[in-house]
Amino acid sequence: MEKKKDIVLSGIRPTGFVHLGNYFGAISNWARMQDEFNCYYCLVDWHSLTTHPDTRELKRSVVRLMAELIGSGLDPKRCVLYIQSDVPEIAELYLYLNMLAYQGELEKTATFKDKVRQNPNNINAGLLTYPVLQSADILIHQAVKVPVGKDQEQHIEMTRNFAERFNHRYGNVFPLPYAFNYGDELIKIMSLDGSGKMSKSENQMNTLYLADDDEMIRKKIMKAKTDSGPSSPNSVKPNYIDGLFTLMKIVSAPDTVDKFETDFNHCTIRYGDMKKQLAEDMIKFVSPIREKISVLEKDEKYMAMVMEEGATKARSSAKATLQLVKDAMGLKYY
Ligand code: TRP
């Protein structure tokens with residue numbers, strides 16, 4: 001008998017353009033999982049309301065992100081790609097899980113504390129229970145593998161706790177999910193000034209987006225932080241230089257990388273030349289993806305079809321789980 005494929009779920013918020021950090025740190029891994037596992041990928045618009053209550057741009061952001069995910073290699077025929085608010089069953093499970101989540105543990109979640117600090121004027125209950133909604137995203141498909149970065153591991157641990165509490169109180173419904181990544185370390189893409197990870201909230205000039213045109217890519221890379229070069233052979237690279245090498249390893253030919261590595265080690269490296277080369281190789285990498293996205297985004301009919309088909313598949317799985325949940329809880333009165 002064929003072994004049943006593990007169920008995978010991950011989510012991404014529609015709050016800004018996809019950048020290389022998202023692409024290499026997450027989406028390319030999601031794409032890699034498509035055939036090996038039974039994958040659900042969710043565009044979590046409800047989660048974005050916890051920090052972005054203004055919905056005027058939401059439709060564009062959702063369609064754009066959907067196009068970016070498909071353009072980056074998620075194939076709606078090989079995974080279930082859907083929008084969270086199309087699956088009301090998630091909200092119902094969220095309600096049940098909320099009764100199993102304690103105020104104390106929610107208040108001490110690292111991401112909650114960060115967001116309170118960043119935005120003291122909008123500490124809403126949705127923000128506090130963000131990890132509960134995320135747990136509902138995962139448990140609604142009985143997923144076990146959750147491909148996420150380090151910053152999300154605490155949320156997945158909370159998901160396991162909620163699932164265990166449910167199973168213990170009402171009966172075994174949920175397998176316990178865990179953060180999954182392929183053995184090799186997740187590639188960390190540094191911002192172009194070396195100050196941290198490339199991220200949505202960063203200065204846009206230090207972040208490379210799939211939407212950037214060729215000129216913009218050149219401009220950003222040529223402005224990337226460098227220095228006057230190493231003064232002794234085989235030095236340790238400063239962060240910002242290491243970040244440029246990481247990008248080069250991803251998009252350039254191996255002998256190109258080798259050449260600049262050797263130059264660096266011999267203290268003969270010319271960062272201007274390196275950046276020029278990197279910019280051209282980056283353009284070769286990004287421009288076909290960008291063009292694909294722009295074609296998809298304009299094809300309203302295709303996009304609508306993908307979203308509807310994704311919603312149908314996601315709901316059918318969600319309904320089945322919710323029925324198990326309600327049966328276990330005894331929520332049936334006539
Ligand atoms: N909290 C995740 C993030 O900020 C997004 C997310 C929502 C998610 N629901 C999820 C990730 C479920 C994995 C599984 O990146």
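Quick caveat, the model's predicted, so the values are computed rather than measured. Starting from 1, each residue takes its place in the sequence as its number. Just so you know, ligand 1 is whichever comes first in the structure, and atom 1 is the first atom listed for that ligand.
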Worksheet item: Within 45 degrees of the axis of the six-membered ring of Y182 and under 6.0 Å from its centre: does R32 put its NZ or CZ there?
Response: yes

Worksheet item: Does the cation-pi check pass for K225 over Y240, that is, NZ or CZ under 6.0 Å from the six-membered ring centre and within 45° of its axis?
Response: yes

Worksheet item: Listing by chain and number, which residues have a heavy atom under 4.0 Å from ligand 1?
Response: L9, S10, G11, V44, H47, Y130, Q134, D137, I138, V146, V148, Q152

Discussion item. Between K237 and E261 (salt bridge meaning N to carboxylate O under 4.0 Å), is one present in this structure?
Written reply: yes

Discussion item. One thing to verify: whether K77 and D75 come together as a salt bridge, which I'm taking to mean a side-chain N less than 4.0 angstrom from a carboxylate O.
Written reply: no

Worksheet item: Is there a side-chain contact between T321 and H141, using heavy atoms and a 4.5 Å cut-off?
Response: no

Show every donor-acceptor pair shorter than 3.5 Å between a side-chain atom in residues 326-334 and any protein atom, with sequence neighbours excluded, or say none if there are none.
residue: D327; atom: OD1; partner: Q323; partner atom: NE2; Å: 3.1

